[in-house]
Amino acid sequence: MTSTVAKGASAPAESQAAVPVYRAAEESIYVVRSTLGGLSFGLELESVAGIEEELRPLPNGELPPAIDIARLWGVTVADGTRRRVLRLANQGTSRPPADHPVRVLVGSSVEITAVPRHEVSTLPALIQPLGAQARIRSIYLTPRIGFLLDPGLLAGAAAPGAEQ
Amino acid sequence: MANEDTPSPSPATPTAAQTEPPGGAESSPAPAVAGAGPVVPLMVLRIGQLWLAVPVEHVEEVAPQVEPSPVPLAPPHIPGLINQRGQAVPLLDLRVFLGLRQEVAEGSALDQSFRRIVVLSAEGMRVGIPCDQVRGVIEAPSGQMRPVEGVQGERLREFSSAQLGTESLLLVLDVPRLLLAARVSA
């Protein structure tokens with residue numbers, strides 16, 4: 001977009017200095033994003049302790065418990081698809097012990113992107129109850145609409161005796 | 001509210017009284033009927049072959065159609081979210097929610113460029129209604145609203161009243177009631 005300035009007019013120097021060139025880092029959050037069945041979703045980076053290539057068996061040969069987002073949301077995933085795993089950071093006394101971290105099974109690829117804070121919002125009122133059911137905390141709008149998972153709700157779902 | 005600049009296409013083939021556009025194919029704002037009470041501005045839109053109206057007081061914007069982002073665990077009448085001026089707005093598919101019959105819901109083969117999303121607000125909620133055409137705004141006498149009888153769609157009668165002041169029957173949606181009913185329950 002171009003702007004025009006009337007002949008003889010000049011912009012004051014202080015107004016040019018006030019124009020922000022880029023947003024400060026604290027105005028963005030970093031999201032570990034993935035996709036499943038056309039749905040974009042992610043976790044805030046500070047909630048993630050690690051990213052694993054796939055769900056690997058424990059020393060006893062059994063697969064560790066993990067919350068499968070595809071199963072939780074009813075998304076079909078092709079057989080043989082390698083799924084990445086996000087290991088959640090320990091988030092308080094109500095979480096499982098540190099030697100049993102909460103693992104979240106996501107899509108086949110993961111990337112970390114910055115999302116401006118002003119583009120993160122709560123779920124619209126029409127669908128607000130879906131947040132608890134789908135373990136969603138909020139929505140981000142860029143680079144496309146996606147859903148920020150709630151690590152607390154995920155950890156609650158992973159607690160012993162909880163229904164996944 | 002944005003102005004609607006949709007050109008007037010040929011009217012869809014009517015299959016019932018409420019599939020007629022108000023005022024005929026080249027409709028202009030209908031004159032108020034003397035003694036019929038205050039005039040209510042209504043936005044006229046088409047879904048499939050069904051012409052509906054919504055009170056303008058609930059219309060925030062008419063936007064071009066965009067592909068929605070799906071929402072996990074959402075019911076079938078909420079096909080997704082759109083980014084509308086920096087806010088996430090859920091879409092409400094009235095074909096599904098009102099249970100429109102297949103032959104009515106499919107509509108005619110008009111140019112897809114007529115398709116729009118009408119953003120409505122009521123009861124603290126905003127939704128986008130995908131529709132096949134937005135006709136414009138008419139002024140209708142509120143005193144001629146009548147309960148709906150014998151209309152298509154299992155639930156259409158529940159959320160609309162009939163406006164008889166124009167040359168043909170027009171179903172007027174009760175937007176607050178519609179949105180409260182469409183809201184996802186806990």
Side-chain angles (χ1 to χ4, degrees), chain A residues 23 27 31 33-43 67-77 104-107 115-150 153-154 157 163-164, chain B residues 54 58-61 63-94 96-98 117-130 155 159 173-186:
Chain A
R23 292 184 178 279
E27 291 185 13
V31 179
R33 291 194 310 123
S34 188
T35 58
L36 274 170
L39 289 158
S40 177
F41 62 96
L43 274 157
I67 299 166
D68 185 349
I69 297 299
R71 188 175 164 198
L72 180 68
W73 289 355
V75 175
T76 304
V77 178
V104 182
L105 208 50
V106 297
V115 176
R117 281 193 189 277
H118 72 272
E119 295 199 356
V120 178
S121 64
T122 56
L123 283 170
L126 190 81
I127 59 170
Q128 197 274 331
L130 290 179
Q133 297 167 27
R135 310 309 198 251
I136 293 168
R137 188 173 71 188
S138 49
I139 292 176
Y140 52 88
L141 297 175
T142 55
R144 54 181 289 203
I145 292 179
F147 303 92
L148 204 54
L149 296 169
D150 188 316
L153 292 175
L154 288 171
E163 186 183 345
Q164 290 187 27
Chain B
V54 290
H58 295 297
V59 179
E60 284 198 1
E61 187 172 6
Q65 190 179 54
V66 292
E67 192 65 27
S69 299
V71 179
L73 305 181
H77 64 264
I78 300 177
L81 294 169
I82 59 169
N83 181 351
Q84 191 62 26
R85 300 184 189 279
Q87 287 195 315
V89 175
L91 297 187
L92 170 58
D93 187 344
L94 290 183
V96 177
F97 187 66
L98 297 177
I117 292 172
V118 177
V119 180
L120 303 176
S121 66
E123 302 291 336
M125 291 178 276
R126 295 175 79 215
V127 299
I129 306 289
R155 304 188 71 187
F159 300 109
L173 290 176
D174 182 339
V175 176
R177 197 172 172 196
L178 181 74
L179 299 198
L180 286 172
R183 184 169 57 183
V184 174
S185 55

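Per chain, numbering begins at 1; letters A, B, ... match sequence-line order. Note: hydrogens, waters and symmetry copies are ignored here, and every other heavy atom, side chains too, is used.
- Interface residue B:Ile82: only backbone heavy atoms are found under 4.5 Å from chain A.
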For B:Val184 and A:Gln128, what are the C-alpha separation, side-chain angles and deciding distance, and is it a side-chain contact (heavy atoms from CB on, under 4.5 Å)? CA-CA 7 Å; B:Val184 174; A:Gln128 197 274 331; over 6 Å; no

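- In this structure, the portion of B:Gln87 lying under 4.5 Å from any heavy atom of chain A is its backbone and not its side chain.
- In terms of non-hydrogen atom pairs under 4.5 Å with chain B, the most contact-rich of A:Ala125, A:Ala132, A:Gly37 is A:Ala125.
- Side-chain contact between A:Ser40 and A:Tyr140: present, with at least one pair of heavy atoms (C-beta onward) separated by less than 4.5 Å.
- Ranked by non-hydrogen atom pairs under 4.5 Å with chain B, the options A:Val75, A:Leu126, A:Thr142 are led by A:Leu126.
- Contact of B:Leu81 with chain A is made through backbone and side chain together, with heavy-atom distances under 4.5 Å.
- Of all the heavy atoms in B:Pro72 and A:Leu39, the pair that sits closest is CD-CD2, 3.7 Å.
- For the pair A:Leu148/A:Leu43, no side-chain contact is recorded, criterion being any heavy-atom separation below 4.5 Å from C-beta on.
- With respect to the salt-bridge test (charged N to carboxylate O, under 4.0 angstrom), the residues B:Arg183 and B:Glu123 do not qualify.
- Only the side chain of A:Ile136 comes within less than 4.5 Å of a heavy atom of chain B; its backbone N, CA, C and O stay farther away.
- For chain B, the nearby parts of A:Ile145 are the backbone and the side chain; heavy atoms of each come within less than 4.5 Å.
- Of the atoms belonging to A:Gln133, heavy atoms from both backbone and side chain fall under 4.5 Å from chain B.
- From A:Leu105, atom CG reaches atom CD1 of A:Ile67 across 10.0 Å, with rounding to the nearest 0.5 Å.
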